[in-house]
Amino acid sequence: MPHTLITADVHLQPDDTHPINQAFYRFLDQDAPKADALYIIGDLFEMWVGDDHGLEHYATVIRKFKHLTEHGLPIYLMYGNRDFLMRRAFFDATGIQFLKEPALVNLYGLPILMLHGDSLCTDDKAFQRMRLLLRNRLVTWLFLKLPEHKRVAIGENMRANSQKYNLNKAENIMDVNEAAVRKLLQRHPQCRHLVHGHTHRPYLHQIEQDGQVKHRWVLGDWRPETEVLKVWSNQTLELVAR
Ligand SMILES: [Mn+2]
């Protein structure tokens, strides 16, 4: 049956032999060609410090994306909190289309709201402050002007700090805020399916709102096993193991 695939949080590693990369390449080789479209909703890369560095260090996946898009598979990509600096050269090299979050996408007549998910983690105030700063246009513009080795060093540093920081944080603070979810759904009353990643807690949550049952599909990260979301052409959704 025709279907569309949605995944997030691949966290591709610069080392191609990494099991995550290998699993994702198998997915691109075997599963993606059978789909009508592929949506990657944030954190495809563990780190992206500029197209110059990324296109060189992630050459294998770039080539695979190009092959798929040239053979007619539409691939859409949303920024995550770790990879939001992909620019024109990346999209040109892969044929991928940029998707701004939150994206309301109509799949087989079914409206589906997609976002990475970090913007819903409003209980983590420090993270949200940092997010605003990092997404600031002047800050990103200045960052991308730095020499490549400086950008890599800063990126590595931030990665290490975020790991340390997250270890000491209460579990509930790093999950999405229920009120933020409800507010978002309220703004899209015609939409009964919300899909996001980021929290690495794959699950289907049911939310009652205005007498309707709404669904919040949380995608898992690739470790390297994961659950991707399949949207079938008969308007059913399914989390499937990969
Ligand atoms: Mn994330």
Side-chain angles (χ1 to χ4, degrees), residues 5-14 18-21 23-24 27 38-50 54 58 61 75-87 90 96 98-103 105 112-136 139-140 143 151 154-178 180-181 184 194-205 216-229 239 242:
L5 294 167
I6 311 175
T7 190
D9 299 291
V10 189
H11 294 276
L12 281 176
Q13 306 290 317
H18 197 286
I20 289 178
N21 293 37
F24 187 64
F27 170 76
L38 168 63
Y39 288 82
I40 303 166
I41 59 172
D43 285 355
L44 167 64
F45 300 102
E46 175 72 9
M47 189 172 95
W48 190 270
V49 295
Y58 294 103
V61 81
I75 306 180
Y76 303 91
L77 177 127
M78 194 173 266
Y79 286 157
N81 56 305
R82 289 174 177 275
D83 59 349
F84 48 90
L85 293 173
M86 290 84 101
R87 296 290 187 261
F90 168 81
I96 289 179
F98 178 65
L99 199 62
K100 196 175 181 310
E101 71 163 7
V105 180
I112 298 180
L113 191 59
M114 303 180 197
L115 75 170
H116 179 55
D118 55 325
S119 59
L120 295 171
C121 299
T122 53
D123 294 329
D124 193 344
K125 305 286 182 218
F127 174 83
Q128 292 301 334
R129 270 196 303 275
M130 189 56 131
R131 184 175 187 272
L132 269 182
L133 175 73
L134 292 177
R135 299 295 184 95
N136 178 283
V139 172
T140 54
F143 179 81
R151 283 180 274 133
I154 293 172
E156 293 288 2
N157 213 308
M158 286 177 49
R159 234 178 89 192
N161 277 335
S162 111
Q163 275 164 7
K164 239 188 307 178
Y165 173 71
N166 287 344
L167 279 179
N168 296 318
K169 216 164 14 175
E171 280 280 293
N172 59 328
I173 285 182
M174 293 188 333
D175 204 352
V176 301
N177 174 286
E178 199 66 34
V181 170
L184 178 69
L194 167 66
V195 186
H196 70 82
H198 181 67
T199 59
H200 302 181
R201 300 168 194 205
Y203 197 72
L204 168 59
H205 299 265
R216 177 165 70 90
W217 300 84
V218 186
L219 302 173
D221 58 329
W222 289 63
R223 41 175 99 190
E225 299 79 25
T226 191
E227 299 77 22
V228 301
L229 187 64
L239 279 172
R242 264 300 153 275

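Residues: numbered from 1 along the sequence shown. Because only heavy atoms are used, hydrogens play no part in the values below, and waters and symmetry mates are left out as well, while side chains stay in. Every number for a ligand or one of its atoms is a count from 1 in the order of the listing.
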Could you state the interatomic distance from CG (Asp123) to CG (Asn177), rounded to the nearest 0.5 Å?
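Here the rounded value is 4.5 Å.
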With rounding to the nearest 0.5 Å, note down the distance linking NE2 in His198 to CG in Asp175.
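So the NE2 of His198 and the CG of Asp175 are separated by 9.5 Å.
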So among Val218, Leu219, Thr226, which one has a side-chain contact (heavy atoms from CB on, under 4.5 Å) with Leu239?
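Option passing the side-chain contact (heavy atoms from CB on, under 4.5 Å) with Leu239: Leu219.
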So, the side chain of Asp43 versus the backbone of Asn81: is there a donor-acceptor pair under 3.5 Å, distance only?
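A pair under 3.5 Å: yes.
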Do you know how many protein N, O or S atoms are within a distance smaller than 2.8 Å of the Mn ion (ligand 1)?
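If we list every protein N, O or S atom nearer than 2.8 Å to the Mn ion (ligand 1), we get 4.
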How are the rings of Tyr58 and Phe45 set to each other: parallel, tilted or perpendicular (split at 30° and 60°)?
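Tilted.
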Taking salt bridge (Lys or Arg N to Asp or Glu O under 4.0 Å) as the test, write out the residues that go with Asp221, two or more places apart.
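Per chain and number, Asp221 pairs via salt bridge (Lys or Arg N to Asp or Glu O under 4.0 Å) with Arg223.
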